[in-house]
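To start, I am sharing the structure in question, which I have written as structure tokens.
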Amino acid sequence: MAYLSLKNINKIYPNGYHAVHNFCLEIEKGEFIVFVGPSGCGKSTTLRMIAGLEEISNGEFLINGKRANEMSPREREVAMVFQSYALYPQMTVYDNIAFGLTLQGVDESVIEERVQNTARILGLSDYLDRLPRALSGGQRQRVAIGRAIIRKVGVFLMDEPLSNLDAKQRVTMRYEIAQIHQETGATTIYVTHDQTEAMTLADRIVVMKDGYVQQIGTPRELYFDPQNVFVAGFIGEPPMNFLRGTVREGSLFFGENRLDLSHKLRDVSSYEGREIVLGFRPECIRLGLCRDAYQVTGHVELTEMLGDNTNVYVFSGNNQAILKIDSHDTPDTDSDIEFSIPLDSVYLFDGKTEKVIKDVV
Ligand code: ADP
């Protein structure tokens with residue numbers, strides 16, 4: 001039996017807006033689940049329904065097999081970490097972390113031990129006497145996490161906890177959150193719009209768009225086996241490239257290029273006259289000609305040197321693509337290049353439904 005079950009969960013706000021549609025997910029104890037998707041897709045709403053901060057309009061939420069729709073947040077034994085740290089400014093780090101236990105009337109010596117232990121996990125032992133204003137953003141967020149983990153609840157809910165930090169702090173805190181999860185083994189549900197956070201932290205990711213779940217899977221599954229154009233374009237940085245065109249005589253034409261789809265599609269004739277989206281990842285291409293690959297010519301508009309790799313922006317026909325290549329091989333801006341897309345790195349999507357075409361060679 002799953003630890004948390006969300007069965008056909010819907011949220012319709014009082015103004016009639018249907019923010020979450022038929023959300024289904026089974027979560028095992030100890031899993032790190034990430035909800036990811038663009039702003040407004042329903043991630044926070046779903047998290048808040050799990051927390052008990054927002055009513056579930058219909059569907060059923062179970063904790064350990066028991067219906068939890070009507071349980072209060074306290075009964076659900078969840079702790080939530082918000083984007084804004086929500087620390088008490090006049091209290092020391094120690095008192096902020098201890099606050100929940102103090103309210104519950106837990107014995108002072110137990111509190112002392114648990115605060116010290118939590119501070120050790122979070123690297124805050126030297127800061128316990130400080131007020132929040134004397135801490136960096138990353139340290140404040142750690143105090144907020146400490147306040148949640150000290151309660152030893154069953155589930156941690158985190159809503160964009162890193163979004164107030166600068167880029168460097170975000171990377172450090174991301175690593176720390178992964179370590180805290182390893183150390184505590186607590187079931188965690190984490191909301192973010194950042195695919196890198198999702199990919200690096202999650203056991204499983206739920207990709208959402210416009211209130212609908214698009215795909216649920218491990219980071220590997222989402223990267224290698226995206227089910228539709230949206231997921232393919234959302235996961236991966238830079239995003240997957242898409243060449244959109246109509247199939248004529250079994251091929252996709254754009255610019256000077258003709259890609260013979262019979263190399264990929266089993267039943268190519270049934271696609272005649274239909275729109276197809278051909279996807280390939282920036283990191284899978286080779287410069288020059290290769291065997292078992294589509295050869296493409298394009299014009300280099302711009303290059304972005306990132307260190308070991310360079311992003312090369314190429315135009316071909318009406319399509320723009322980003323190629324990620326070894327910086328030693330950077331082509332000149334404004335030059336024409338030839339590159340190869342290995343056939344086994346090509347994804348095909350139906351232009352109308354945007355779903356991946358599975359019947360491929
Ligand atoms: P996300 O966390 O993915 O950015 P939210 O869950 O916050 O998205 O919001 C999902 C949608 O629901 C958005 O379109 C938002 O405007 C709408 N929404 C959020 N709260 C309310 C509310 N109280 N009443 C009506 N609509 C809301």
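Here the structure is a predicted model, which means the values were calculated and not measured. Atoms within a ligand are numbered from 1 in the order they appear, just like the ligands themselves.
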Anything under 30° is parallel, anything over 60° is perpendicular, the rest tilted; go ahead and classify His181 against Phe32.
perpendicular
Where ligand 1 meets Tyr17 - atom numbers and elements under 4.0 angstrom, heavy-atom basis:
11 (C), 12 (O), 14 (O), 17 (C)
Looking only at protein heavy atoms, what sits closest to atom 7 (O) of ligand 1 is Ser44 CB, 3.7 Å
Going by atom types only, do Asn228 and Gln215 share a side-chain donor-acceptor pair under 3.5 Å?
no
If we number the atoms of ligand 1 from 1 as shown, the ones under 4.0 Å from a heavy atom of Cys41 are 1 (P), 3 (O), 8 (O)
Number the atoms of ligand 1 from 1 as they appear, then name those within less than 4.0 Å of a heavy atom of Gly42, with their elements.
1 (P), 3 (O), 6 (O), 8 (O), 10 (C)
List the steps and the verdict of side chain to side chain donor-acceptor pair (under 3.5 Å) for Asn10 and Asn22.
CA-CA 5 Å; Asn10 283 268; Asn22 297 323; 3.0 Å; yes
Report the nearest protein non-hydrogen atom to atom 6 (O) of ligand 1: residue, atom name, distance rounded to 0.1 Å.
Thr45 OG1, 2.5 Å
For Tyr294 and His263, take the angle between the two ring planes, folded into 0 to 90°, and tell me which bin it lands in: parallel under 30, tilted 30 to 60, perpendicular over 60.
tilted
What protein heavy atom lies closest to atom 22 (C) of ligand 1? Include the residue and the distance to one decimal.
Tyr13 CD2, 3.3 Å
Report the part of Asn15 in contact with ligand 1, treating N, CA, C, O as backbone and CB onward as side chain, heavy atoms under 4.0 Å; options are side chain, backbone, both, neither.
side chain
Residues Ser5 and Glu26: side-chain donor-acceptor under 3.5 angstrom:
yes
Quick one: does Gly40 get an N or O within less than 3.5 Å of an N or O on ligand 1?
yes
Mind checking the CG-NZ spacing from Asn309 to Lys324? Nearest 0.5 Å is all I need.
5.0 Å
What's the separation between atom OG1 in Thr46 and atom CZ in Phe23, rounded to the nearest 0.5 Å?
5.0 Å
With a 4.0 Å cut-off, strictly under, does atom 27 (C) of ligand 1 pick up any protein heavy atom?
yes
